[in-house]
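Note that the coordinates shown come from a computational prediction; the quantities given were computed from them, not determined experimentally. Values below: every heavy atom of this structure, side chains too, minus hydrogens, waters and symmetry copies.
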Amino acid sequence: MTAASRAGTARQGSGERTGRVLVAGVGNMFLHDDGFGPEVARHLAAHLQPLAPDVRVVDYGIRGMHLAYDLLAGIDFLVLVDTVPADGSSAPGSIRVLQVSAADLDGRALLDPHGMDPAAVLGRLRSMGGRLPATYVVGCVPADLSEGIGLSAAVAAAVPEAAAAVRSLLGQHSSTPS
C-alpha cells in the first residue's frame, strides 16, 4: 500500500489548520508482530473517514529512506505506529503512546537505506536539512518477532485500540490552534 489517503493543505486564513499530518505505519510484515505498524495503517485507511485533507496514512514497512524523504517535504505532525519494548509491566498487545523530542534522538545514528530504524530516521533529519515535527509513537508490545507472516492473537487484538489512539492524537492535534 502506498499513500492510503488524500493529501493536501488547508487554505491560509480559512480558520483551518495548515500543517501537514503523517501517520506512518512501520515494521517488517515478515517478522510476525513487527508487521503491527503496517497493519494499523491498513486498518486506519479502511476505517478513518472522513479523513482531514491534510492527513496522510502511509504503510512504510521497512522503507526508512522513503519516510525520511517524506518528512523532509515538510510534515508538522507525525504519528509513528510500530512495536515498542515492554516497559516492565506491559504484556504483549499492550498499547503505549510516547511523545518523541529531539533530546530523545541521536543525530549520529546510522541511517540504513535498505531498512527501517525510526529512531535513526528521525535522528538524522537535521543533518539532512529537515526538522523534527511534533512526533508521537503509538506502539504495541510484541509477543512474537520470529520469522513468519501474521500477527499474534494479542497483537492482532490491539489493532483497533491502536487505531483509536491514533484518532485521538489526530483529534488533539486538529483542536490545537495553529
Flag side-chain contact, heavy atom, 4.5 Å: [X] against [Y]:
X: D144; Y: P92; value: no
X: Y60; Y: V121; value: no
X: D76; Y: D54; value: no
X: L122; Y: L78; value: yes
X: L151; Y: M29; value: no
X: D70; Y: H66; value: yes

Separation of [Y] [atom2] from [X] [atom1] (nearest 0.5 Å):
X: L22; Y: T135; atom1: CG; atom2: OG1; value: 9.5 Å
X: D82; Y: D117; atom1: CG; atom2: CG; value: 9.5 Å
X: T83; Y: D34; atom1: OG1; atom2: CG; value: 4.5 Å
X: H47; Y: H43; atom1: NE2; atom2: NE2; value: 5.0 Å
X: E147; Y: N28; atom1: CD; atom2: CG; value: 9.0 Å

As a test of understanding, state which of V97, L80, V81 forms a side-chain contact (heavy atoms from CB on, under 4.5 Å) with V137.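 Per the side-chain contact (heavy atoms from CB on, under 4.5 Å) rule, the option paired with V137 is L80, out of V97, L80, V81.
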
Say whether [X] and [Y] are linked into one hydrophobic cluster, either directly or through other cluster members, by side-chain heavy-atom distances under 4.5 angstrom.
X: L125; Y: L98; value: yes
X: Y69; Y: I75; value: yes
X: V58; Y: V100; value: yes

I'd like to know if the side chain of H32 reaches the main chain of G150, judged simply by a donor and an acceptor atom lying under 3.5 Å from each other, with no hydrogens or angles considered.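 Indeed, once roles are kept as given, a pair shorter than 3.5 Å links the two residues.
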
Is the side chain of R20 donor-acceptor paired with the backbone N or O of R56 at a distance under 3.5 Å, no angle test?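 A pair under 3.5 Å: no.
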
Classify the ring geometry of F77 against Y136: parallel below 30°, tilted from 30° to 60°, perpendicular beyond 60°.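 Rings of F77 and Y136: tilted, 30 to 60°.
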
Can a side-chain donor-acceptor contact be found between D33 and S152 if the only test is distance below 3.5 angstrom?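 Yes, because at least one side-chain N or O of S152 sits under 3.5 Å from a partner of the opposite role on D33.
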
Heavy-atom pair of closest approach, residues [X] and [Y]:
X: V26; Y: P118; answer: CG2-CG, 3.8 Å
X: E39; Y: R42; answer: OE1-NH2, 2.9 Å
X: S90; Y: V141; answer: CB-CG2, 3.7 Å
X: A162; Y: I95; answer: CB-CD1, 3.8 Å
X: P160; Y: A156; answer: CD-O, 3.9 Å
X: P38; Y: D59; answer: CB-OD1, 3.2 Å

Please check if the number of heavy atoms outside R126 that lie under 6.0 Å from its CZ is greater than 12.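 Open.
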
Using side-chain contact (heavy atoms from CB on, under 4.5 Å), reason through R167 and L44 one step at a time and then give a plain yes or no. CA-CA 9 Å; R167 285 191 294 273; L44 285 167; 3.9 Å; yes

